[in-house]
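Beneath this line is the structure, given in structure tokens, with notes to follow.
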Amino acid sequence: MDDIVNPQDAELEEIVLGACLIESKAITLVAGILRPEVFYIEKNREIYAALQSMYRAGQVIDLMTVKEELTRRGKLDFIGGPYALVSITTRVASSAHLEYHARILQQKYIRREAILGFHKLLAQAADETTDIADTLADAHTLLDQLEKECGMSEHLRSMLQLMEDTVELIETRAASNKNGVTGLPTGFNELNRLTCGWQPGDLIIIAARPSVGKTAFALHLARAAASAGYHIAVYSLEMQGERLGDRWLLAATKELSPAHLLSGALTPSELREVHEASTELSRLPIYIDDNPSVSMDYVRTSAKLLQSKGDCDCLFIDYLQLCDMKSDQHNRNREQEVAQASRKAKMIAKELHIPVILLSQLNRNVEGHPDGRPALSDLRESGAIEQDADLVLMLSRPSLSGRETDRRSGYPTEGLGVIDIAKHRNGPTGEIYFRHDKSMTKLVDYEPDLEWMKKNTTR
């Protein structure tokens, strides 16, 4: 019964330790697989801890040096004295199959951790005084830990393998290249040119002050990618799904009045246009989750489920500071919580190999800038956001400053939007302009009007 509750193999543990004691280089075969806690028998755990410490310090490992290390640690008598070490070495003749044996021990350890973890979750689930959301968060954490244990050294690649994988990626880019876009299209020609589209594995931050248009901008990006056939998942923590539907309908129609849509006072022609646009939009492969209490663990699980069905090529999360940031470390401050959520978003992008577009607020310092343009230092609550991001887009609307002309470009501010690529890990930075309507629902590439061109063209 004990073997069922605690899967373990004391004999195999001693075989692994014996191989490390008789062959000094044997430890290199298991150092990336085993840690002291993998060993179920406590005395074996102490012996391996000594071996591991000596290996990391570059010391010679043999029977005598290990005995001295255990003596220094005050553990020699605990493990049974020198005789116990000699006894262990008699169980093995060489390090043959050592790596295979180590992986068996690792699997038994993972099984033990799973049994203990799931028993704890069962108790929590039965305890009605415990918030079920906390139980689900603990379940996500447990699964993450078990998955990491299963793949401790699977990500280690030789240079040969790395070059083969890199060339394969380059060939894939070449095959999928459409007018310089190798990722998901952004919906803006100049943004496509500078980024080559949203790239798999990248975390893209879209940052702006409230009411500048982060959500509207993100909905435009989502619709552009979905129109190209990519499956998009939108997690809206701030707005109800129907409000997003309103915005998409306004973007897809020509004459629909935002005021009429909100009040319900639609003309027959507007109502007809709504039905026609909704039919067109309903064909887009977009999934919307407007659960207001969403954590990054929730997003990860949901996205993995969608991806298993072939329905997730890109994630939009609106927005970072609203994410449910429950943590098992109750002494974390707000900045640390935001940093953890940002890091998890990057891990989702890498694990699922998709672009993750994460919206973020900026602090009030932007309002004090002379030109109204935000900077990376204005990212709200955590510098880790800048660190984790592969691409940071800062949005601004010069008309909100009250000026008729933009100080940098000289363009009229009415209907002018600015995308400042403040960070680009794999490409150039710079400013891109777009035009928008009053409701900030229709966004297009910016082209100066003819009258402005005539006034500002020098001969």
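Note that the coordinates shown come from a computational prediction; the quantities given were computed from them, not determined experimentally.
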Got Leu249 and Ser278 here, is their nearest side-chain heavy-atom distance under 4.5 Å? yes

Over all atoms of both residues, closest heavy-atom pair of Leu393 and Phe217: CD1-CE2, 4.3 Å

For the CG atom of Asn291 and the CG atom of Leu237, what is their distance to the nearest 0.5 Å? 7.5 Å

Which heavy atom in Ile288 sits nearest to a heavy atom in Gly241, and how many Å separate them? CG2-CA, 4.4 Å

Would you call Thr215 and Met239 a side-chain contact if the rule is heavy atoms closer than 4.5 Å? yes

Check whether Lys442 reaches the backbone of Thr253 with its side chain - one donor and one acceptor, N or O, closer than 3.5 Å. yes

Tell me if a side-chain donor or acceptor on Ser342 pairs with a main-chain N or O of Val338 at a distance below 3.5 Å. no

Lys423 side, atom NZ; Glu386 side, atom CD - distance, nearest 0.5 Å: 6.0 Å

Are Phe316 and Leu219 close enough that some pair of their side-chain heavy atoms sits under 4.5 Å apart? no

Tell me yes or no: between the side chains of Ser295 and Asp297, is some donor less than 3.5 Å from an acceptor? no

Donor-acceptor pairs under 3.5 angstrom involving side-chain atoms of residues 222-230: please list them, not counting sequence neighbours.
| residue | atom | partner | partner atom | Å |
| --- | --- | --- | --- | --- |
| Arg223 | NH1 | Ala251 | O | 3.4 |
| Ser227 | OG | Arg223 | O | 2.7 |

Checking the side chain of Arg45 only, and the main-chain atoms of Tyr40 only, is there a donor and an acceptor separated by less than 3.5 Å? yes

Are Leu358 and Met296 close enough that some pair of their side-chain heavy atoms sits under 4.5 Å apart? yes

Can you tell if the side chain of Tyr48 reaches within under 4.5 Å of the side chain of Asn44, non-hydrogen atoms only? no

CD-CZ distance between Glu37 and Arg112, expressed to the nearest 0.5 angstrom: 10.0 Å

Closest non-hydrogen atom pair between Ala389 and Arg425, with its separation: O-NH2, 2.8 Å

Which atoms form the tightest heavy-atom contact between Ser360 and Leu320, and what is the distance? OG-CD2, 4.3 Å

Would you find a donor on one side and an acceptor on the other, under 3.5 Å apart, between the side chain of Arg397 and the backbone of Val212? yes

Whether the side chain of Gln124 engages the backbone of Thr130 through a donor-acceptor N/O pair (distance < 3.5 Å, no angle test) should be reported. no

Determine whether a donor-acceptor pair (N or O, by modelled atom type, separation under 3.5 Å) exists between the side chain of Lys346 and the backbone of Gly201. yes

Atom SG in Cys312, atom CD1 in Ile232: separation rounded to 0.5 Å? 8.0 Å

Show, in sequence, the C-alpha distance, side-chain angles and deciding distance for Tyr446 and Ile432, and conclude whether the side-chain contact (heavy atoms from CB on, under 4.5 Å) test is met. CA-CA 8 Å; Tyr446 187 83; Ile432 298 168; over 6 Å; no

With no hydrogens and no angle check, just 3.5 Å: does a side-chain donor-acceptor pair link Ser302 and Tyr235? yes

Intermediate values then yes/no, side-chain contact (heavy atoms from CB on, under 4.5 Å), Ile204 and Asp390: CA-CA 6 Å; Ile204 299 107; Asp390 297 282; 6.0 Å; no

Quick one: do Lys120 and Leu142 satisfy side-chain contact (heavy atoms from CB on, under 4.5 Å)? Show the steps, please. CA-CA 10 Å; Lys120 179 182 177 182; Leu142 174 62; over 6 Å; no

Is the backbone of Pro355 close enough, under 3.5 Å, to the side chain of Asp202 for a donor and an acceptor to pair up by distance? no

Considering only heavy atoms from C-beta outward, does the side chain of Leu362 approach that of Met394 to under 4.5 Å? yes

Side-chain donor-acceptor pair under 3.5 Å between Gln199 and Asn426, yes or no? no

In Å, rounded to the nearest 0.5 Å, how long is the span from CD of Gln340 to NZ of Lys344? 4.5 Å

Calculate, to the nearest 0.5 Å, the distance between atoms CG and CG belonging to Leu184 and Leu221 respectively. 10.5 Å

Mind listing the closest non-hydrogen atom pair of Leu105 and Asp9 along with its distance? CD2-O, 4.1 Å

Non-hydrogen atoms of Val418 and Phe434 that approach each other most closely: N-CE2, 3.7 Å

Under 3.5 Å, side chain of His424 to main-chain N/O of Pro428, donor-acceptor pair present? yes

Quick test of your reading: applying side chain to side chain donor-acceptor pair (under 3.5 Å), list the pairs with at least one residue in residues 189-198, sequence neighbours left out, ordered by first then second residue. Thr186-Asn192, Asn189-Asp445, Glu190-Arg193

Could you tell me which residues satisfy side chain to side chain contact (heavy atoms under 4.5 Å, CB included) with Ser269, sequence neighbours excluded, listed by chain and number? Thr267, Arg272

Checking the side chain of Thr413 only, and the main-chain atoms of Arg403 only, is there a donor and an acceptor separated by less than 3.5 Å? yes

Might you confirm whether atom CD of Gln161 has over 12 heavy atoms from other residues, nucleotides or ligands at distances under 6.0 Å? yes

Are Arg373 and Asp406 close enough that some pair of their side-chain heavy atoms sits under 4.5 Å apart? yes

Is there a donor-acceptor contact under 3.5 Å from the side chain of Ser263 to the main chain of Ala259? yes

Residue pair Glu242 / Asp246, side-chain heavy-atom distance below 4.5 Å: no

Using a cut-off of 6.0 Å, state whether more than 12 heavy atoms not belonging to Glu414 lie near its atom CD. no

May I have the step-by-step check of side-chain contact (heavy atoms from CB on, under 4.5 Å) for Asp420 and Ser396, ending in yes or no? CA-CA 8 Å; Asp420 180 10; Ser396 58; over 6 Å; no

Using the ring centroid of each side chain, check whether Phe188 and His220 are separated by less than 6.0 Å. yes

